[in-house]
Amino acid sequence: MSTPSLLILAGDGIGPEVMGEVRKVIDWYGANRGLSFNVSEGLVGGASYDAHGTPLTDETMARAQDVDAVLLGAVGGPAYDDLDFSVKPERGLLRLRKEMDLFANLRPAQCFDALADFSSLKREVVAGLDIMIVRELTSGIYFGEPRGIQDDNEGGRVGINTQRYTTNEIRRVARSAFELARRRSNKVCSMEKANVMESGILWREEVTWVHDNEYPDVELSHMYADAGAMQLCRWPKQFDVIVTDNLFGDILSDAAAMLTGSLGMLPSASLGAPMANGRPKALYEPVHGSAPDITGLGKANPIACILSFAMALRYSFDQGDEAARLENAVEAVLASGARTADLLGPEGGAPINTSQMGDAIVSALDASIR
Ligand code: IPM
Ligand code: MG
């Protein structure tokens, strides 16, 4: 098989810093595991706006469509707050998701044992936590028409967004969730607001249809998304796979991230339909944002971005064992007490910097083959 291709879009803020550490890990796999990648780079977000006046050029979009997987850092920052909506950094990311049709966004929330005391919740609530949020990523209120800000003809204005879901959009993301559940604890909880939204009623009916007709062996439950948020904080271990829409998934996954101790820990995979080579269209990115407050200070935690590469090994390149090797290396480094600033508990201690964390993970990879 030819060398798989990776497009790195490091983006803004801490994106380039954390991606630098991922590069060390990629190089390690090439040098030590015979896993080489054809790596190219491009611009997205504010970095692309600065260079080209747009958060994503057509040329970069075309390259993203062409590679086996895209690795993305983060987009956005205060310098771009006043830009017109159509050229904001976030539009670059949303265009990638939409045009690559990456409908299933996998956001695992796993609590590493070494960090169980660091969560804002009690140890017994989060220790051993391992849940997977599957967020619909290409539709719903993020993309629905009509949208915009208009005069309301009474001297004021009106802001409009539209929540819209079709049968096919709901069924395909539901299938992704049921497939994942079969490889985990075989439980799916679907979240919507069927009590107040028609799109929520349709969501519940279509998820149920997929379950009854294609996955009757998987246990399915339904929850209103607000109650789901409450249950995530009360007793998150009741969940295995959660499937939900684009906006609820955005919010619930940030909440789930905090259960694990730090937003700096959470990776994600955004997957679409299989390409001609059988691999899914795919983009991997940390759940955290560009963190402008700590940009350039060496404080960023590269683990979420490194674990996103582990997801790429698993979901794009069929290297589940190598993905587990990388996850175990992260676990070993955390168990050794190494902490970036975001992972220091109230008791404090001396943090290591971004690059030291990357080096520690590479050393743990070395140890795994000795
Ligand atoms: C996320 C982010 C994005 C979103 C932003 C950066 C557009 O919050 O990936 O969760 O809202 O989807
Ligand atoms: Mg978000």
Side-chain angles (χ1 to χ4, degrees), residues 9-16 18-19 43-49 54-56 61 64 70-81 83-109 131-144 147 159 161-165 169 173 191 225 228-229 232 242-260 262-272 282-293 295 300-301 304-305 307-308 311-312:
L9 303 174
D12 307 324
I14 61 169
V18 294
M19 201 57 88
L43 298 174
V44 68
S48 173
Y49 179 82
T54 167
L56 188 75
M61 185 66 239
V70 177
L71 299 183
L72 190 133
V75 294
Y80 309 103
D81 279 354
L83 286 184
D84 186 74
F85 187 73
S86 64
V87 289
K88 276 194 186 299
E90 290 79 5
R91 305 305 302 169
L93 175 57
L94 294 174
R95 181 177 175 198
L96 283 162
R97 291 173 177 174
K98 186 69 178 175
E99 293 193 18
M100 292 171 75
D101 202 18
L102 306 170
F103 59 87
N105 181 214
L106 280 46
R107 300 190 158 189
I131 60 181
M132 176 72 87
I133 296 186
V134 180
R135 167 188 177 193
E136 199 292 323
L137 202 60
T138 53
S139 184
I141 201 158
Y142 271 56
F143 295 99
R147 66 185 299 161
N161 290 94
T162 302
Q163 166 85 334
R164 184 177 188 280
Y165 270 108
E169 286 167 345
V173 73
M191 295 187 187
L232 266 176
I242 293 172
V243 63
T244 189
D245 76 16
N246 204 343
L247 182 61
F248 294 141
D250 180 45
I251 298 166
L252 292 170
S253 63
D254 265 29
M258 228 30 226
L259 303 174
T260 71
S262 169
L263 202 49
M265 296 293 300
L266 282 221
S268 81
S270 305
L271 306 177
L283 179 147
Y284 299 87
E285 58 174 319
V287 172
H288 64 67
S290 58
D293 51 321
T295 297
N301 181 353
C305 206
L307 290 177
S308 299
M311 292 189 86

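Both counts, for ligands and for their atoms, begin at 1 and track the order of listing.
For atom 11 (O) of ligand 1, the nearest protein heavy atom (residue, atom name, distance) is Y142 OH, 2.5 Å. Looking from atom 1 (C) of ligand 1 to the surrounding protein, the closest heavy atom is R107 NH2, 3.3 Å. The protein heavy-atom contact nearest to atom 8 (O) of ligand 1 is D250 OD1, 3.3 Å.
Put simply, the residue from Q163, R97, R135 that forms a side chain to side chain donor-acceptor pair (under 3.5 Å) with N246 is R135.
Between the T244 side chain and the M191 main chain, a donor and an acceptor come within less than 3.5 Å of each other. Between the T260 side chain and the A256 main chain, no donor and acceptor come within less than 3.5 Å of each other.
Between L9 atom CG and L72 atom CG the span is 5.5 Å, to the nearest 0.5 Å.
Atom OD1 is the N/O/S atom of D250 found closest to the Mg ion (ligand 2).
Taking backbone and side-chain atoms together, D254 has no N/O/S atom less than 2.8 Å away from the Mg ion (ligand 2).
Here the shortest heavy-atom distance to atom 9 (O) of ligand 1, taken over R97, H288, E90, belongs to R97.
Residue contacts with ligand 1 for K88 are absent, since no atom lies close enough (heavy atoms, distance under 4.0 Å).
Here the closest non-hydrogen pair linking G46 and D12 is N-OD2, 2.7 Å.
The shortest N/O to N/O separation between R135 and ligand 1 falls below 3.5 Å.
Atom CZ of R164 sits in a sparse spot, with 12 or fewer heavy atoms from other residues, nucleotides or ligands closer than 6.0 Å.
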